[in-house]
Amino acid sequence: MLIADYTFGQGLLTVLEIFVFAAWLMVLFTIVGDLFRDHDLSGFGKAVWIIFLIFIPFLGTLLYLIFRGHGMRDRALAQHEAAQKQLDAYVRQTAGSGSTADELTKLAKLHDDKKLSDQEFETAKAKIVGTGANG
């Protein structure tokens, strides 16, 4: 049987090989993503790097990290900041302050519960109706 000849040391070596291969793939995908994120590099330059990464992968990866690794962090941070700004804008737009009718209902409830005087109610209502018509 072949399984009987497979030692514990060989099993550990196989696990190590799989780990190193997976780590290298992660680095390779990070580099390819960085290549396409960089708007300063020409299309020809990107094509040359991709060909280099495909045909001489380990050397290409090392050379990319040596020559262009310093900008990888900056491009990743810029992409993260842009995504965060988009998310913040979406949350602000979605959360909003509610519709004018909702605000008027809340205001009327406060007035009915005697938490607002008549004058405060009228002032707040005028403000809501004024902003609702403009917004």
same_hphob_cluster(Leu63, Ile54) at 4.5 Å side-chain heavy-atom cutoff: yes
Plane angle bin for Trp24 and Phe58 - parallel if under 30°, tilted between 30 and 60°, otherwise perpendicular: tilted
Validation row: Leu110, Phe121 side chains within 4.5 angstrom (heavy atoms): no
Side-chain donor/acceptor of Gln79 to backbone N/O of Ala76, under 3.5 Å: no
Phe67 with Tyr64, same ILVMFWY side-chain cluster at under 4.5 Å: yes
Intermediate values then yes/no, side chain to side chain contact (heavy atoms under 4.5 Å, CB included), Lys109 and Thr105: CA-CA 6 Å; Lys109 181 166 176 21; Thr105 303; 5.8 Å; no
Close side-chain approach of Ile31 and Arg68, heavy atoms under 4.5 Å: no
Heavy-atom donor-acceptor pair, Glu122 side chain to Gln119 backbone, under 3.5 Å: no
Common cluster, Trp49/Phe36, ILVMFWY with side-chain heavy-atom separation under 4.5 Å: yes
Validation row: Met72, Asp38 side chains within 4.5 angstrom (heavy atoms): no
Pair Asp34 + Arg37: basic N to acidic O under 4.0 Å: yes
Cluster link Phe21 to Leu62, ILVMFWY, side chain under 4.5 Å: no
Partner of Asp88 under side-chain hydrogen bond (donor to acceptor under 3.5 Å, both in side chains), chosen from Lys85, Gln84, Arg92, Gln86: Gln84
Student check: side-chain heavy atoms of Phe52 and Pro57 closer than 4.5 Å: no
Atom pair CD1/CD of Ile128 and Glu103 - distance to nearest 0.5 Å: 5.0 Å
Derivation of the side chain to side chain contact (heavy atoms under 4.5 Å, CB included) call for Leu53 and Leu35: CA-CA 11 Å; Leu53 288 169; Leu35 265 174; 4.1 Å; yes
Spatial distance of atom CE (Met26) from atom OG1 (Thr30) [nearest 0.5 Å]: 6.5 Å
Cluster check Val27, Phe55: I/L/V/M/F/W/Y, side chain < 4.5 angstrom: yes
Derivation of the side chain to side chain contact (heavy atoms under 4.5 Å, CB included) call for Lys125 and Glu120: CA-CA 8 Å; Lys125 184 170 95 173; Glu120 290 172 330; over 6 Å; no
Heavy-atom check, side chain of Gln10 versus side chain of Asp5, under 4.5 Å: no
